[in-house]
Amino acid sequence: MDHLKIAATDRSPDVDFDFEAGVFSLKGESYPEDASTVFGPIFAALDRFFSSADIRELRFDFDLIYFNSSSAKALMNMFQMMENAAGRGTKVVVNWHYAADDETMKEFGEDFSEDLENVTFNLVPSSSAA
Amino acid sequence: MTKGVGVSAMLARDYREFKSILDTRGVIFSFSGYLSEGILYSLGDALRHKMALEDTDLTTVKKVFSVFIEQAQNIIRYSAEKVQGNLGKAIELSSGMVTIGTDGDKFFIVCANTMLNEDVPKLKARLEQLAGMDKDAIKAYYKEQLREPPEENSRGATIGLIEIARRASEPIQFDFDPVGDKQQFFCLKVSI
């Protein structure tokens with residue numbers, strides 16, 4: 001599948017999905033008026049990718065500063081897609097990056113990880129404050 | 001013919017009084033009128049800079065910003081006072097008011113907009129439900145709603161209000177005031 005690259009805007013994250021390498025990254029902020037404009041293309045690409053046969057190991061890096069509640073719902077959707085793939089035998093690792101003094105982002109990481117049994121979810125604090 | 005420049009005796013006093021009302025209420029900024037996503041971004045950006053300059057801790061900055069965004073997006077989505085049109089691209093502007101200020105060591109965010117009578121009971125029920133919940137119950141409810149498919153016609157209202165209640169450090173306050181016989185002025189105040 002083609003590399004999915006979407007540049008960040010003021011209110012949407014940088015998307016960099018390298019399907020070939022199995023490395024995915026979502027970086028920045030997400031508070032568009034309509035979350036489906038940001039996450040629609042992401043879901044479509046992931047759907048196609050997960051339905052293809054030979055997936056071994058995947059890594060997702062989330063480095064988000066802020067997202068609104070409708071983006072949170074979309075992220076939850078993404079994690080459920082990953083969990084389903086992991087349940088079918090794909091090794092999925094999520095690295096949830098957040099500034100060490102940002103309790104909100106840490107708590108979001110903890111909330112999302114609670115629902116995941118087959119995905120390896122790492123909370124990765126970084127020392128530099130935003 | 002009108003003159004280009006004129007001196008109006010009451011102009012400065014008038015607006016100074018207007019501003020001093022805002023100042024005495026601790027208002028950092030207040031926006032009233034048609035809100036767009038672009039205005040929301042710019043106000044949010046100014047808010048973050050203002051708080052960063054005052055060394056507000058990061059978690060508080062994130063909470064205030066989050067409540068501001070959810071409230072402003074609720075106005076954009078739900079205000080009964082809207083103009084729509086097409087100026088090369090589709091444009092929708094919703095009218096409302098967003099006010100952010102400080103009261104002692106707390107930040108407050110107030111949003112207000114008019115809404116249709118028929119939409120009031122549902123919103124009121126949601127807010128009363130949230131107002132009756134403690135922090136743990138709100139968190140559990142948030143997580144439950146994260147997993148739910150979106151409600152029809154809701155455009156994400158439920159989870160947005162729970163997010164607001166979750167970030168508040170005091171119970172959220174809300175009120176409705178009738179405007180004519182078809183609309184109500186809705187007001188929501190959140191302290192952080």
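Below, chain A is the first sequence line, B the second, and so on; all start at residue 1. In what follows, every heavy atom counts, from backbone to side chain, and hydrogens, waters and symmetry copies are set aside.
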Peer 1: Is there a chain of hydrophobic side chains (I, L, V, M, F, W, Y, each step under 4.5 Å between heavy atoms) that links Leu4(A) to Phe60(A)?
Peer 2: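 Yes; tracing contacts between hydrophobic side chains, which count when under 4.5 Å, links both residues.
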Peer 1: If hydrophobic clusters are built by linking Ile, Leu, Val, Met, Phe, Trp and Tyr wherever their side-chain heavy atoms come under 4.5 Å apart, do Leu123(A) and Val92(A) end up in the same one?
Peer 2: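 Yes, Leu123(A) connects to Val92(A) through the hydrophobic network.
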Peer 1: Does atom CD of Glu20(A) have more than 12 heavy-atom neighbours from other groups under 6.0 Å away?
Peer 2: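 Count not over threshold, so no.
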Peer 1: Quick check on Ile164(B) against chain A: is it the side chain, the backbone, both or neither that has a heavy atom closer than 4.5 Å?
Peer 2: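 The answer is neither part of Ile164(B).
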Peer 1: Check this for me: does any side-chain nitrogen of one of Arg48(B) and Glu29(A) sit under 4.0 Å from a carboxylate oxygen of the other?
Peer 2: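 Counted as a salt bridge, because a side-chain N and a carboxylate O are separated by less than 4.0 Å.
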Peer 1: Can you tell which part of Phe112(A) gets under 4.5 Å to a heavy atom of chain B, answering side chain, backbone, both or neither?
Peer 2: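 Side chain only.
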Peer 1: Determine the option with the most heavy-atom pairs under 4.5 angstrom with chain B, choosing from Thr104(A), Asn77(A), Asp111(A), Asn68(A).
Peer 2: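 Looking at each option in turn, the highest pair count goes to Asp111(A).
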Peer 1: What option among Glu114(A), Lys106(A), Met105(A) has the most heavy-atom pairs under 4.5 Å with chain B?
Peer 2: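 Max contact count across the listed options: Glu114(A).
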Peer 1: Check whether more than 12 heavy atoms from other residues, nucleotides or ligands sit under 6.0 Å from atom CD of Glu103(A), and answer yes or no.
Peer 2: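 12 or below, so no.
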Peer 1: May I ask you to check whether over 12 heavy atoms, not counting those of Lys135(B), lie within 6.0 Å of atom NZ?
Peer 2: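 Yes, because the 6.0 Å sphere around NZ of Lys135(B) holds more than 12 heavy atoms from other groups.
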Peer 1: Of the backbone (N, CA, C, O) and the side chain (C-beta and beyond), which part of Glu163(B) lies under 4.5 Å from a heavy atom of chain A, both, or neither?
Peer 2: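 Just its side chain gets close to chain A.
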Peer 1: Would a distance-only check, ignoring hydrogens and angles, find a side-chain to backbone donor-acceptor pair under 3.5 Å from Arg77(B) to Glu33(A)?
Peer 2: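 Such a contact is found between Arg77(B) side chain and Glu33(A) backbone.
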Peer 1: Could you look at Tyr98(A) and say if it's the side chain, the backbone, both or neither that has a heavy atom under 4.5 Å from chain B?
Peer 2: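 The answer is neither part of Tyr98(A).
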Peer 1: Which heavy atom of Ser69(A) sits nearest a heavy atom of Gly160(B), and at what distance?
Peer 2: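 Nearest pair, atom of Ser69(A) first, then Gly160(B): OG-CA, 3.3 Å.
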Peer 1: Measuring from Gln73(B):CD to Ser70(A):OG, what's the distance to the nearest 0.5 Å?
Peer 2: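 Gln73(B) atom CD to Ser70(A) atom OG measures 6.0 Å (nearest 0.5 Å).
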Peer 1: Check whether more than 12 heavy atoms from other residues, nucleotides or ligands sit under 6.0 Å from atom NZ of Lys139(B), and answer yes or no.
Peer 2: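 More than 12 heavy atoms, drawn from other residues, nucleotides or ligands, come within 6.0 Å of this atom.
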Peer 1: Would you say that more than 12 heavy atoms from the other residues, nucleotides or ligands in this model lie under 6.0 Å from the CG of Asp47(A), or not?
Peer 2: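 For Asp47(A), atom CG is crowded (more than 12 foreign heavy atoms under 6.0 Å).
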Peer 1: Among the clusters formed by ILVMFWY side chains lying less than 4.5 Å apart, do Met82(A) and Met1(A) turn up in the same one?
Peer 2: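 Yes; tracing contacts between hydrophobic side chains, which count when under 4.5 Å, links both residues.
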Peer 1: Does atom CZ of Arg25(B) have more than 12 heavy-atom neighbours from other groups under 6.0 Å away?
Peer 2: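 Open.
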Peer 1: Using a 4.5 angstrom heavy-atom cutoff, name the option from Asp10(A), Asp34(A), Leu75(A), Asp115(A) with the most pairs to chain B.
Peer 2: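 Among the listed options, the one with the most contacts to chain B is Asp10(A).
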Peer 1: Less than 4.5 Å apart, any side-chain heavy atom of Lys143(B) and any of Met76(A)?
Peer 2: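 No. Closest side-chain heavy atoms not under 4.5 Å.
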Peer 1: Salt bridge between Arg166(B) and Glu107(A), side-chain N to carboxylate O under 4.0 Å?
Peer 2: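 A salt bridge links Arg166(B) with Glu107(A).
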Peer 1: Do the rings of Phe65(B) and Tyr31(A) sit parallel, tilted or perpendicular, given the 30° and 60° boundaries?
Peer 2: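 Perpendicular, since the angle between the ring planes exceeds 60°.
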